[in-house]
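Values reported hereafter were calculated over all heavy atoms of this structure, with side chains retained and with hydrogens, waters and symmetry mates removed. We name chains A, B, ... by the order of the sequence lines, and we start the count at 1 in each one.
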Amino acid sequence: MFESEFERNLYALRQEKLKQLEALGQSAYPNTFAPPGDHPLITIPGIRAEYDSKTGERLEAERIPVAVAGRIMAIRQQGKAGFATLQQEGQRLQIYVRKDAVGDAGFELYKLLDLGDHIGVTGYLFRTRTNELTIHVETITFLAKALLALPEKYHGLSDVELRYRQRYVDLFMNGVLNEADSSEPEGSRTALPSHICQDQADVGHPAQEIRVRDVFVKRAAVLRAMRKFFDARGYIEVETPMMQPIAGGAMARPFVTHHNALDIDLFLRIAPELYLKRLVVGGFDRVYEINRNFRNEGISTQHNPEFTMLEFYQAYANYHDLMDLTEELVQFVAMEVNGTLTTHFNGVEIDLGKWERLTMREAIVKWWPEEFGPPPSMVAFEKSELLLHFLDEAFQHLQRNYPQISTPTREVQGVNVERHRELRSLLMLINGQRILLRGDSTPVIKAVMESLGLPTPADPLPALPQSLGQTIAGIFEAVAERRLIQPTIIYEFPLAVSPLSKQKPDEPEWVERFEFYIGGFELGNAFSELNDPEEQRRRFEAQLAERERGDEEAHQMDSDYVRALGYGLPPTGGEGIGIDRLTMILTGARSIRDVILFPLLKPQKTVISDQ
RNA sequence: GGACGCGUAGCUCAAUUGGCAGAGCAUUCGACUCUUAAUCGACAGGUUGAAGGUUCGAUUCCUUCCGCGUCCA
């Protein structure tokens, strides 16, 4: 618990102060704050809302008696008087304590207070010479002690690691997450984590300033708005298993746990999808669930092992209906949470009122990098040989005209570094494809990639795209994903990467599926649900084959789900939306850790013992 | 998993070429009845993330490890 001797001593000292407080007739840990009836208890936000607009003259004339409680965030001693700042619910109010107003005992108590202590006061409202709304204190009631020291009052807690590990401190210190102007000299309370603001200086649209606390207030508003949206449309909210015997509904590695009494392994769910569709089979035509999913994967600014997902299903709807619904939902939530459709993310202004819709193939063509020559024609997406041939030509075009791009150096002459990174991810994919075309083995693949100056993935080599569909999806991710800053719906996905979606009637290699992107990453995934049990069984079997080829993320067989489809799933559209990521977009937070109260961190090893 | 960066007092940060580890806030003591990053005076606070190496001498250079961050996979 203690970081140092210093802290241990401080703790002991403040425990001693608690004893002195008790000697003054105060309770060290009182059960409640019960001010006398003629001083109504009011919250600090309540006071601010009601009296911020009242002038000093009016306050003096009315001499309004109040009682408030709060945490002491600042103390300014003035001899036989003093000011302090109380904080409650993220808002602050100044109090003024004079020895002649609170009496000798009251002033003794006041002098025993430390930053961080909780107190209750009674008194009346007035305005100081600088016109600040202040309580002229008459009585002080001690409520609880801070035995540990608060962080530095001006900069607050800015160490990113400490902010996450000790979120309770982060929250009451009210640090600003992203400032309106990073060069602002005065008035700012808290230094920012550098990764959040580092490149806002050179862009035209600085983020709105938002406090850590407010991010989570907004997160709650997001959830409230979503429930309001779906409840109003006749959906019912359900809860389906978090522990599942088969981790289905998505392509991801699950966490495993064990049930002792039944002696079976269970998986923390990676998605609720298959259970929700069972409910649609059962006659709940419109269902939604907001809950945690767990994926045993890496951690990044966009990934936390547990994250919150909204999933909803609507019978007699298809993916086109869901596109409309998605735009409505995001706009509704934005208005409820922010009162506006514009938001600032990563230094860019995003208009949530304007959506673009592109097929995946159109997106690849639109964002195809010119360094690789002309974009593929639509025909190239039809056959593996055609696409591989095209990629081969693109590679040669690049080699002829931009030989420097395949070099691994950071400083590439004449090529923007950001651009360089993008080109290389496509290059890597293309090389994987070309090598695959020649039937090379893993060591050969690694050697070739190394010789091309491309980063070699560690063992085991991640599964290379094995099918046309996987290649197309890979190309899309490499060329388009990070450029989709303004709201964009990407629709029509390859069958090979969509084991649960319904095929397009006219193009059976493509499915009725879309994802939507804002800020350069995926926020949601939706499709017309596959409801043919025989086709579903074949898809699962194809996935099993992928799994045997080493793709640990391939979908598992779920024969009970196939059986459920056997009873008849009506035509249904379903969608999942990442709540954390949507909250990031709506608050401007650039890391998913800034919208999750307690993000997963490695446990600390060096801890000084409590004794 | 890889590359790069960071880790110094409770907090926020300094420390020139490798040469006595410092400041502000907070804490402790003192002064001050309209301050607001209050002010003024004094005291105290350190195994420089850990271990090892090079050196007369390491916060600084090297190696390994731990934690965090960013980018990549």
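Where pairing requires Watson-Crick or G-U contacts shorter than 3.5 Å, the helical stems of RNA chain B with at least three consecutive pairs are B:1-7 with B:66-72, B:10-13 with B:22-25, B:28-31 with B:39-42, B:49-53 with B:61-65.
In this model, the phosphate group of B:rC71 is approached by a side-chain N or O of A:Thr301 to a distance below 4.0 Å at OP1 or OP2. At least one side-chain nitrogen or oxygen of A:Arg165 sits closer than 4.0 Å to the OP1 or OP2 atom of B:rC68. Between A:Lys99 and B:rU33 there is no side-chain N or O to OP1 or OP2 distance below 4.0 Å.
Among the nucleotides B:rU12, B:rU35, B:rU27, the one closest to any side-chain atom of A:Leu115 is B:rU27. When the nucleotides B:rC11, B:rC13, B:rG45 are ranked by their closest atom to the side chain of A:Glu152, B:rC11 comes out on top. Nearest nucleotide to the side chain of A:Ser158, out of B:rU28, B:rC13, B:rC68: B:rC13. Side-chain proximity of A:Glu132 to B:rU35, B:rU28, B:rG10: nearest is B:rU35. Proximity note for A:Glu161 (side chain, C-beta onward) versus B:rA26, B:rG67, B:rU12: the nearest is B:rG67. Listed candidates were B:rU28, B:rU33, B:rC11. Nearest to the side chain of A:Leu13 is B:rU28.
Going from atom CG of A:Asp594 over to atom C1' of B:rG69 covers 12 Å, rounded to whole Å. The distance between atom CD of A:Glu5 and atom P of B:rU28, rounded to the nearest whole Å, is 17 Å. Atom CD in A:Glu60 sits roughly 13 Å away from atom C1' in B:rC34 (whole-Å rounding). Note: CG (A:Asn9) to C1' (B:rG45) measures 10 Å, nearest angstrom. One can place CG of A:Asp117 at 13 Å from C1' of B:rU27, the figure rounded to the nearest angstrom. Atom P of nucleotide B:rC68 and atom CZ of A:Arg167 are separated by 15 Å, given to the nearest angstrom. The CZ-C1' distance, from A:Arg8 to B:rU28, rounds to 19 Å in whole Å. Atom-to-atom, CD of A:Gln166 to C1' of B:rG67 comes out at 14 Å; the value is rounded to the nearest Å.
Taking atom P in both B:rA9 and B:rG49, one finds a spacing of 8 Å when rounded to whole Å. Using P as the reference atom, B:rU48 and B:rA21 are 10 Å apart when rounded to the nearest Å. Across B:rC11 and B:rU27, the matching P atoms stand 15 Å from one another, rounded to whole Å. B:rC32 and B:rA42: their C1' atoms are spaced 16 Å apart (whole Å). With P as the reference atom, B:rU35 and B:rG30 are 23 Å apart, rounded to whole Å. Comparing the P positions of B:rU17 and B:rC61 gives a spacing of 11 Å, expressed to the nearest Å. A distance of about 22 Å separates the P atoms of B:rC68 and B:rU63, rounded to the whole Å. As rounded to the nearest Å, B:rG18 and B:rG67 have P atoms that lie 30 Å from one another.
When heavy atoms are screened at a 4.0 angstrom cut-off, A:Leu150 is found touching no nucleic acid atom at all. If you check every strand for non-hydrogen atoms under 4.0 Å, A:Arg14 touches sugar and phosphate atoms only. At a threshold of 4.0 angstrom between heavy atoms, the contacts of A:Phe126 include nucleobase atoms, whether or not backbone atoms are also involved.
Mapping A:Leu601 and A:Asn131 onto RNA chain B via the closest heavy atom, the residue that lands nearer the 5' end is A:Asn131.
Using cut-offs of 30° and 60° for the angle between ring planes, the A:Phe83 and A:Tyr96 rings count as parallel.
Atoms CD and CG, from A:Glu515 and A:Asn525 in turn, are 4.5 Å apart once rounded to the nearest 0.5 Å. We find the CE-OH distance between A:Met173 and A:Tyr168 to be 14.0 Å, quoted to the nearest 0.5 Å. To the nearest 0.5 angstrom, A:Leu10 atom CG is 8.0 Å from A:Lys17 atom NZ.
Side-chain N/O atoms of A:Asp100 and base N/O atoms of B:rU33 include a donor-acceptor pair closer than 3.5 Å. The base of B:rU35 sits within donor-acceptor range of the side chain of A:Thr128, with an N or O pair under 3.5 Å.
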field: Trace of the salt bridge (Lys or Arg N to Asp or Glu O under 4.0 Å) decision for A:Asp594 with A:Arg163
entry: CA-CA 9 Å; A:Asp594 292 321; A:Arg163 287 188 39 233; 3.4 Å; yes
- request: Start with the C-alpha gap between A:Ile140 and A:Ile95, add the side-chain angles, then the distance that decides, and say whether side-chain contact (heavy atoms from CB on, under 4.5 Å) holds.
  value: CA-CA 11 Å; A:Ile140 303 175; A:Ile95 63 171; over 6 Å; no
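Residues from residues 63-85 of chain A that place a heavy atom under 4.0 Å from any atom of RNA chain B, listed by number: A:Arg76, A:Gln77, A:Gln78, A:Gly79, A:Lys80, A:Ala81, A:Phe83.
With respect to A:Arg219, the side-chain contact (heavy atoms from CB on, under 4.5 Å) criterion is satisfied by exactly one of A:Asp214, A:Leu597, A:Thr308: A:Thr308.
For the residue pair A:Gln77 and A:Gly82, the shortest heavy atom distance occurs at OE1-CA, 3.8 Å.
Note on A:Glu60 versus A:Arg127: no salt bridge recorded, every NZ/NE/NH1/NH2 to OD/OE distance being 4.0 Å or above.
Crowding of A:Glu22 atom CD: a count of heavy atoms from other residues, nucleotides or ligands under 6.0 Å exceeding 12.
For the pair A:Val68/A:Ile42, a side-chain contact is recorded, criterion being any heavy-atom separation below 4.5 Å from C-beta on.
Among residues two or more places apart in sequence or in another chain, the ring pair (Phe, Tyr, Trp, His ring centres under 6.0 Å) test is passed with A:Phe476 by A:Tyr517.
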